[in-house]
Amino acid sequence: MDITFLYWEDCLSHEEALQRVRHVMAEEGIQAPIQLINVETWEQAEQLHFIGSPTILVNGKDIQPPPSGAHYALTCRTYYLENGRASPLPSLELIRRALSAGRRDIDVATQDHGHDHEPRKEPSWPH
Amino acid sequence: MAALTLNEQAKPFTLPGIDDKSHSLSDYKDKEAVAVIFSCNHCPYVKAWEDRMVDIQRDYGPKGVQLIVINANDVSKVPDDSFPKMKDRAKEKGFNFPYLVDESQSVARAYGAERTPEVFLFDKQGQLRYHGAIDDNYDDPGAVKAPYLRNALDAVLGTKPLSVAATQPQGCTIKWK
C-alpha cells in the first residue's frame with residue numbers, strides 16, 4: 001500500500017495527524033512505509049496540488065477528496081468529521097476507512113493480476 | 001514581530017466591517033472589556049472555534065463585553081478569505097460581533113498577531129489582560145478543560161481572579177503579503 005503524508009511545518013496539526021495514521025495502521029495490522037513530504041513553498045504547493053496540511057493519500061487517493069476548485073495553499077487543511085464539525089485533524093474513522101479501501105483496492109488488483117496470468121481455457125465442445 | 005505585552009495599551013484602529021460600516025476601537029470605549037480576535041474564514045482552527053466565539057459574545061455581551069474579529073489574511077493567497085466570502089461566512093454562522101478586514105495588515109502587525117484565531121483581551125482601561133487561545137481544545141468543545149478566554153473575561157469583570165494571562169495561540173499562520 002502506498003501511503004503519502006504531505007505536511008507543512010507551520011501547521012501544528014500534522015504531528016497529531018501522523019500519530020493517528022500510525023495508530024490506525026497498527027490497529028489494522030497494516031505494515032507499509034509512510035512517505036513523508038514536507039511542503040515548504042507556495043510553488044511546491046501548486047506542483048503537488050497541496051490544498052493544506054496535512055494531506056494524506058492512500059494509493060494516490062486523498063482520504064477526503066477535496067471539493068473541485070479547491071485552492072493550493074500553504075495553510076492548514078479542514079477535515080469534516082462524521083458529526084459535521086470542522087477540524088484541523090482527520091478522524092480515526094476517516095483514516096480507517098481510507099486504509100481499508102486502500103487494502104481492498106490492492107486485494108482486487110492482485111486478484112485481477114492473478115487472473116491475467118492463468119492459462120486461458122479453451123471451451124470444450126461436445127463432439 | 002513582538003506581540004503586545006500584558007498591560008500594554010490597545011493600539012487604536014479603524015477598519016471596514018462586513019456591515020459596510022467603519023469600526024474603530026474607540027467606538028467600544030464604554031465596554032467593560034473588548035476582545036480583539038485575529039481570525040479568517042478558511043482556517044480549520046477558526047472553523048472549529050467560531051461557534052464558541054458566537055457563544056462567548058452571546059453570554060458576555062449583556063455583561064458589557066465586545067468581541068471584535070479581524071481578518072488580515074492576504075486574499076491573493078487564500079481567496080476563501082475575501083471580503084464577499086467574509087460576508088457569506090458571517091451570515092452562515094450567525095456572527096453576533098463585528099467582522100472586520102485589515103487589508104493592509106497594519107493592525108495585525110501593530111498587535112504582533114501571528115495566528116488565527118489569536119485573542120487580545122483588553123479591560124475597560126484598554127490594557128491587555130489576556131493574550132492567546134480561546135480555550136485548550138480546538139478539536140472537541142465538549143472536552144475543554146480550561147476555557148481561557150471565559151476565565152479571563154470573568155477576571156476582567158471582577159468575578160474571579162485571573163489565573164492564566166497568556167497561552168500559546170493555536171491556529172493557522174496569518175498569510176502575509
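Each chain gets a letter, A, B and so on, in the order the sequences are listed, and its residues count up from 1.
Inter-residue side-chain proximity for B:Lys93 and B:Arg89 is flagged as met; some heavy-atom pair is nearer than 4.5 Å. For the pair A:Gln64 and A:Ile56, the minimum side-chain heavy-atom distance is 4.5 Å or more.
There is no contact between B:Asp51 and chain A, counting heavy-atom distances below 4.5 Å.
Side-chain contact check for B:Asn73 and B:Trp176: no donor-acceptor pair (N or O, by modelled atom type) lies under 3.5 Å. Judged purely by distance below 3.5 Å, without hydrogens or angles, the side chains of A:Thr55 and A:Arg77 pair a donor atom with an acceptor atom.
With chain B as the partner, the residue from A:Ala86, A:Ser87, A:Cys76 showing the most heavy-atom pairs under 4.5 Å is A:Cys76.
The distance between the ring centers of B:Phe122 and B:Tyr130 does not fall below 6.0 angstrom. Aromatic pair A:Phe50/A:Tyr72: ring centres not closer than 6.0 Å.
Contact annotation for residues 6-13 of chain A against chain B (heavy-atom separation below 4.5 Å, listed by residue number): A:Trp8, A:Asp10, A:Cys11, A:Leu12, A:Ser13.
B:Lys31 forms no cation-pi arrangement with B:Tyr28, by the criterion of a distance under 6.0 Å to the ring centre and an angle within 45° of the ring axis.
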